[in-house]
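First comes the structure, then the notes that go with it.
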Amino acid sequence: MPSDHARFTAAFDAALRGGPLPPGVTGPEAERRFAVYRNNVAVGLSAALAQRFPVIHRLVGADYFAALAASFGAIDRPRSPVMAEWGAGFAAYLAGFPPLAGWPWMADVARIEHARGVAFHAADAAPIRPERLATADPATLWLGLHPSVIVLSLHHAGVAVWAMNQPGATPGPVPAGPQIALILRDPSWSVPVTAISPADAAMIAALPNGSLTAAAQAAQAVQPDHDPQPLLLHLMRSGSLTDTETAP
Amino acid sequence: MSHLPATPGVGFKPQHFAAILQDARPVGFFEVHAENYLGAGGLPHAQLTALRADFPLSLHGVGLSIGSPHGLDRDHLTRVRALCDRYQPDSFSEHLAWSSHGAEYLNDLLPLPYTPQTLALVIDHVDQVQTALARPILLENPATYLLFQQSEIPETQFLQAIAHATGCGLLLDVNNLYVSEVNHRRDPWAWLDAFPLDLVQEIHLGGHATEDLPSGPLLIDDHGSAVADPVWALYAGAIARQGPLPTLVEWDNDLPDWPVLTAEAARADAILRHAGLAHAV
């Protein structure tokens, strides 16, 4: 049997969702006063989601975004007080949201933005020393990836849409997809997003599982003339390669 | 157990980090919301580690939902404990409010009726938090917009009873007190007269917004502007009675430039110094 307080909070919660005011609240101004709580919850959820998905916010506009946040929040409420962790289901929600069907890359952009948040808060790890990378034997060198490194296989050209909606960028036609996104956190705490080739993605996937040579071979299995150097240079400059023990 | 200094502090915002490093005498302490630092790594922890090295630190929880009837979120409490272990804050505080319904987090500090039943519940939850964190906490008075017919215990007595039963300290949010009492058409000074100032270990100051209702103003605690003059007056009254206390200026929305925030802290400092002299005599 629920306590009086449990019944009260359940009624209060139902009222936040638009139901009648909870028991014990009366008076001519009660609706206006209760509206402060309804508004706090709605504005708080929308602001938290906008902070996490700034490009989606920019693409659809503030009013539409607030409505989206309300409809998403009604079915997928935060499960933790850590608001930065809310929104994992937002991309899938957008993908299944019929009014946005004409913008099929919208869900890709949301996946990128969610991954950027994960990368921003990922654990720290010391990068490999450049001289070790330069002098080690690639056949025996095992590299690790920084915990912030995320590779996303997108359905459309989401990286291009994300990039053209950054401050100072110029909008243009959306290229044909699909694209693969590489997301990481660099030493200046920035979280850049770059499009990589399927061979690059194969190499990144193989890096933690074997030697550097084996990872390069995994890339060449996808693209015989793949050159591993540009990707390795990008990962090294981004502090994304970590040192691991020599292969067992 | 360390304590915050009886000086002004401010709520830390990442946007101010560079300005803080350039400021020769920024403030006496910083406070952050615990829930913003529960990620594994990255910039938030780099900044907080740097601040912690040079300043006293207050961790302020907004998500423990101490007034919830459904029990505390043990996973969240464990994460907050790990954060306390990592940063060894000089103070940990939370709110007299609830913010979760079942497993769902509502992202606002919601009010509870003050009854013998809710008093027992809150005492139990404060006990659990203090046990889990292995430290006494401070409990903050809420800003409220509604009253409930089932409330039997005045808010000041409710807070005093929690503190006596659990050994927790109190965090007096002067803006919350002013917002609530104006909203309920009561005298804020009477609330202050009834409040156990001797249990207060930190003060919060912040700004509020105003809407109009037929019966008068409805004040909304939005931390989006400078501290209002009647709040400064109540603050000076509390400090004159109790002596200097750690005082935090909160500004969470429509963030001002760093000098605007430190000007608010300087205004608190003048009141604290004046009271310090008076109490030293």
Side-chain angles (χ1 to χ4, degrees), chain A residues 2-10 12-14 16-17 21-30 32-48 73 76-86 117-125 146-148 185 188-191, chain B residues 33-47 61-65 67-70 73 75-76 79-80 98-113 115 117-118 121 143-151 183 211 213-216 218-222 253:
Chain A
S3 67
D4 289 347
H5 188 47
R7 280 196 297 275
F8 167 81
T9 55
F12 199 104
D13 180 46
L16 287 174
R17 293 167 175 269
L21 296 187
V25 178
T26 53
E29 295 173 333
R32 287 280 305 276
R33 290 163 175 268
F34 194 85
V36 176
Y37 295 110
R38 285 195 186 115
N39 187 58
N40 281 352
V41 171
V43 169
L45 291 182
S46 181
D76 189 355
R77 272 185 170 177
R79 310 293 288 186
S80 151
V82 185
M83 289 306 290
E85 294 171 1
W86 184 48
V118 172
F120 183 78
H121 290 287
D124 300 315
H146 190 277
S148 68
R185 185 177 79 220
S188 67
W189 313 107
S190 295
V191 185
Chain B
H33 289 179
E35 282 72 13
N36 289 341
Y37 292 87
L38 294 179
L43 180 62
H45 286 294
Q47 291 184 335
V62 296
L64 282 176
S65 198
S68 167
H70 300 294
D73 178 342
D75 290 344
H76 186 57
R79 294 176 77 180
V80 172
W98 60 284
S99 53
S100 298
H101 185 64
E104 296 179 339
Y105 177 64
L106 301 173
N107 196 34
D108 192 23
L109 297 165
L110 301 168
L112 58 157
T115 69
Q117 183 196 46
T118 59
L121 177 87
T144 58
Y145 310 102
L146 286 169
L147 294 174
F148 305 106
Q149 287 176 343
Q150 55 269 50
S151 279
N183 285 345
E211 289 183 10
L213 290 182
S215 67
L218 180 67
L219 306 186
I220 298 170
D221 173 45
D222 68 349
N253 297 300

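It should be emphasised that the depicted structure is a prediction, and the values quoted were computed from it without experimental measurement. Throughout, a chain's letter reflects where its sequence line sits, starting with A, and its residues are numbered from 1.
Of the possible polar contacts, one joining the A:His5 side chain to the B:Gly67 backbone as a donor-acceptor pair under 3.5 Å is found. A donor-acceptor pair under 3.5 Å is absent between the side-chain atoms of A:Asp124 and the main chain of B:Gly41, judged by distance alone. With A:Glu29 contributing its side chain and B:Ser215 its backbone, the two residues share a donor-acceptor pair below 3.5 Å. Remark: the backbone N or O of A:Val25 is not paired with any side-chain donor or acceptor of B:Gln149 at under 3.5 angstrom.
Put simply, NE2 on B:His33 and CE on A:Met83 are 13.5 Å apart, with the number rounded to the nearest 0.5 Å. Taking CG of B:Asp75 as the start and OG of A:Ser80 as the end, the distance is 9.0 Å to the nearest 0.5 Å.
Scanning all heavy atoms of the two residues, the minimum distance from B:Pro111 to A:Phe12 falls at CD-CZ, 3.5 Å. Of all heavy-atom pairs between A:Tyr37 and B:Asp108, the closest is CD2-OD2, 3.6 Å. Across all their heavy atoms, B:Gln117 and A:Ser3 have their closest contact at NE2-CB, 3.2 Å. Across all non-hydrogen atoms, the minimal contact from A:Pro81 to B:Gly63 is CG-O, 3.4 Å. Across A:Val36 and B:Leu218, no two heavy atoms sit closer than the pair CG2-CD2, 3.6 Å. Of all the heavy atoms in A:Asp13 and B:Trp98, the pair that sits closest is N-CH2, 4.4 Å.
Both the backbone and the side chain of A:Arg33 come within contact range of chain B, with heavy atoms under 4.5 Å apart. Looking at B:Glu104, both its backbone and its side chain come within 4.5 Å of chain A, counting heavy atoms on both sides. Heavy atoms closer than 4.5 Å to chain A are found in the side chain of B:Leu121, but not in its backbone. Residue contact with chain B, scored on non-hydrogen atoms closer than 4.5 Å, involves the backbone and the side chain of A:Ala10 alike. Proximity to chain A (any heavy atom under 4.5 Å) is restricted, for B:Ile220, to the side chain, taken from C-beta onward. Of the two parts of A:Arg17, only the side chain, counted from C-beta on, holds a non-hydrogen atom closer than 4.5 Å to a non-hydrogen atom of chain B. Residue A:Phe120 touches chain B through both its backbone and its side chain, counting heavy-atom pairs closer than 4.5 Å. Residue B:Ser65 does not touch chain A at all, counting heavy-atom pairs closer than 4.5 Å. The parts of A:Arg79 that come within reach of chain B are both its backbone and its side chain, each placing non-hydrogen atoms under 4.5 angstrom from that chain.
Contacts with chain A were tallied for B:Gly39, B:Ala46, B:Pro113; B:Pro113 has the most, counting heavy-atom pairs under 4.5 Å. If you tally non-hydrogen atom pairs under 4.5 Å between each of B:Asn183, B:Asp222, B:Leu147, B:Asn36 and chain A, the highest count goes to B:Asn183. In terms of non-hydrogen atom pairs under 4.5 Å with chain B, the most contact-rich of A:Ala47, A:Pro22, A:Pro147, A:Ala6 is A:Ala6. Heavy-atom pairs under 4.5 Å with chain B were tallied for A:Leu16, A:Thr9, A:Val118, A:Val41; the largest tally goes to A:Thr9. When the candidates B:His45, B:Glu211, B:Arg79 are compared by the number of heavy-atom contacts under 4.5 Å with chain A, B:Arg79 comes out ahead.
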B:Leu43 vs A:His121, side chain to side chain contact (heavy atoms under 4.5 Å, CB included): CA-CA, chis, key distance, verdict: CA-CA 8 Å; B:Leu43 180 62; A:His121 290 287; over 6 Å; no

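Ring centers of A:Phe34 and B:Tyr145: at least 6.0 Å apart, outside the cut-off. The six-membered or imidazole ring of B:Tyr105 lies away from that of A:Trp86, with a centre-to-centre distance of 6.0 Å or more.
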